[in-house]
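What follows is a single structure, written as structure tokens, with notes after it.
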Amino acid sequence: MAHDIFALVDCNSFYASCEKVFNPQLADKPVGILSNNDGIIVALSPELKRLGITRGTPGFKIDKQLIRKHDIKIFSSNYALYGDMSNRVMQTLTQFTPDIEIYSIDEAFLSLSGFEYLNFSDYGRKIRDTVWKWTGLPVSIGIGPTKTLAKVANRFAKKHSFIENVFDITDHPNKDKILRWIEVEHIWGVGRQYAKMLRRNGIENAFQLSQAPDKWVQNKMTIMGLRMVKELRGISCIDLEMDIEPKKEIVSSRSFGTPVTEFRDMQEATAAHCTRAVKKLRTEKQVASQITVFLTTNRFKNEPQYANYATARLPLPSAYTPDFLKAASKILKNLFRPGYKYKKTGVMISDIMNQSKAPLDLFEPTYLDDHRKTIMDCMDDINEKMGSGKLTYAATGIKQPWQMKREKLTPGYTTSWSHIPVVKAC
DNA sequence: TCTGGGGTCCTAGGACCC
DNA sequence: TCTGGGGTCCTAGGACCC
């Protein structure tokens, strides 16, 4: 059997690059994208990285003088735009192999097994150039015999301009050297806690980790860690996942634009999350029978803190929004304590199953056979045609003073007819 | 003034059953 | 000091990912 070969295609500074595609004036500027609620920096163009700003920096902590001096551009995140651009990239990648796993909004694993007659680096460059031509987005490509090594190769490709963002680590003469160059915190599967633990034990880079004894690794890092270490050694343990599995839980949560103190506002926000989450549930053709509501104050503030959550079960699996709204409202009444400044609330839906697989009940119709489904389908159709949010529940409120901040939003160039870019003749 | 949101998997321990 | 053993299911917590 042929050996596995994986390519990891990763868009460089994805959100920032998306903004640059539609605004040529940003081309050489330092660009940063903020998280929801204009909170922290989640994506940085190379120019911004060079100024020493890092992912996770709160927007308000970026020095105003630095912004002026270097003409730094900061934007709210425009997920509708990024999602659309992501689809274009993924669509482009399917030209190069039938076996593709969309791993995240800006990353995909491709299987190149069976393409051994090709020079993988050449093929990688062809992929890179095609994505650039078709979408205007720069990508880096790492190639290796395991997903973890493809990740390593990708990191190497990104950090070394002389290899033009494409690197194949398979059978590379300097493989060990490269693994020594990868510090433990940059290995796929090693986060903050494991990195600390590994360093305490004298393991500082990927090469050292690959030499650690199996038993020790499994003991310290579970079976997942062992799998990862084997992958570093070149033994493929993590397969390509091509089928999109239905979600096991669906979460909707958000920080408030301004702190919430009133029960009524909290109830509206929770209802809005509930509505969003159940809509997602229907999109996946699923039903669920469990709902959790949570709320929290602002842990960064020196003021009374309160965080709590509670779960309720529905009598029968459902995808009918009012079933969840009722449950959520009841939970919230028990959860809410007056006298706090709340920062965030959210809803989690779990115990999810396919609509057609929901158990039958002797007395009640299943969601699939019920008028509740007809109502929901009708509502979803109208929102689809007229724009989402046209039809909603009174419980979610009108004024919504708790809505998140998005003060620096760019137009929805590809996702909204009214924002479509215009080419002007000079 | 201002510090994100949405997921997954594994393990230990308790509840419960025989 | 003693307290049965073993299987299964569920949950909370901790780790990770982007």
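In what follows, chains carry the letters A, B, and so on, assigned in the order in which the sequence lines appear, proteins first and then strands, with residues in each chain numbered from 1.
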Test side chain to side chain donor-acceptor pair (under 3.5 Å) applied to T321(A) and K326(A), R282(A), R372(A), the passing residue: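 The side chain to side chain donor-acceptor pair (under 3.5 Å) with T321(A) is passed solely by R282(A) among K326(A), R282(A), R372(A).
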Under the ring pair (Phe, Tyr, Trp, His ring centres under 6.0 Å) test, residues paired with [X] that sit two or more places apart:
| X | value |
| --- | --- |
| Y340(A) | Y306(A) |
| Y15(A) | Y79(A), Y82(A) |
| Y194(A) | none |
| F120(A) | none |

Whether over 12 other heavy atoms sit under 6.0 Å from E303(A) CD: yes
Is there a residue in residues 216-250 of chain A whose heavy atoms reach under 4.0 Å of DNA chain B, and which residues are they?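 Heavy-atom cutoff 4.0 Å gives T222(A), I223(A), M224(A), R227(A), K247(A), K248(A), E249(A), I250(A).
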Residues of residues 322-353 of chain A with any non-hydrogen atom less than 4.0 angstrom from an atom of DNA chain B: list those, numerically ordered, please. K343(A), K344(A)
Looking at every strand, decide which applies to N37(A) at a 4.0 Å heavy-atom threshold: base, sugar-phosphate, or nothing.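 Here N37(A) touches no strand at all.
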Can you tell me how far P of dG5(B) sits from NE2 of H273(A), to the nearest Å?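 So the two atoms are 8 Å apart, to the nearest Å.
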Take nucleotides 12-18 of chain C nucleotide by nucleotide from the 5' end and write B, S or -, depending on whether a protein heavy atom sits under 4.0 Å from the base, only from the sugar-phosphate, or from neither. ---SSSS
When pairs are called at under 3.5 Å and a stem needs at least three consecutive Watson-Crick or G-U pairs, the stems of DNA chain B are B:5-18 with C:5-18
Give every residue pair that meets the salt bridge (Lys or Arg N to Asp or Glu O under 4.0 Å) criterion with at least one member in residues 145-161 of chain A, sequence neighbours excluded.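 Residue pairs with at least one partner in residues 145-161 of chain A: D10(A)-K158(A), E101(A)-K147(A), E107(A)-K151(A).
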Is the phosphate of dG5(B), meaning OP1 or OP2, less than 4.0 Å from a side-chain N or O of S252(A)? no
Does OP1 or OP2 of dG5(B) have a side-chain N or O of R276(A) closer than 4.0 Å? no
Partners passing side-chain hydrogen bond (donor to acceptor under 3.5 Å, both in side chains) against D377(A) (at least two apart in sequence or in another chain): K373(A)
Measuring from atom CD of Q355(A) to atom CG of L368(A), what distance do you get when rounded to the nearest 0.5 angstrom?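 The CD atom of Q355(A) sits 5.5 Å away from the CG atom of L368(A).
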To the nearest 0.5 angstrom, please state how far the OG atom of S13(A) sits from the CD atom of E47(A).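 If we round to the nearest 0.5 Å, S13(A):OG and E47(A):CD are 8.0 Å apart.
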Residues that K343(A) engages under salt bridge (charged side-chain N to carboxylate O under 4.0 Å, His left out), provided they are two or more places apart: none
Atom pairs and distances, side-chain donor-acceptor, residues 202-217 of chain A, under 3.5 Å, sequence neighbours left out:
residue: N205(A); atom: OD1; partner: F207(A); partner atom: N; Å: 3.0
residue: N205(A); atom: OD1; partner: Q208(A); partner atom: N; Å: 2.8
residue: Q208(A); atom: OE1; partner: E204(A); partner atom: N; Å: 2.6
residue: Q208(A); atom: OE1; partner: N205(A); partner atom: N; Å: 3.3
residue: S210(A); atom: OG; partner: F207(A); partner atom: O; Å: 2.6
residue: D214(A); atom: OD1; partner: R233(A); partner atom: NH1; Å: 2.9
residue: D214(A); atom: OD1; partner: R233(A); partner atom: NH2; Å: 3.0

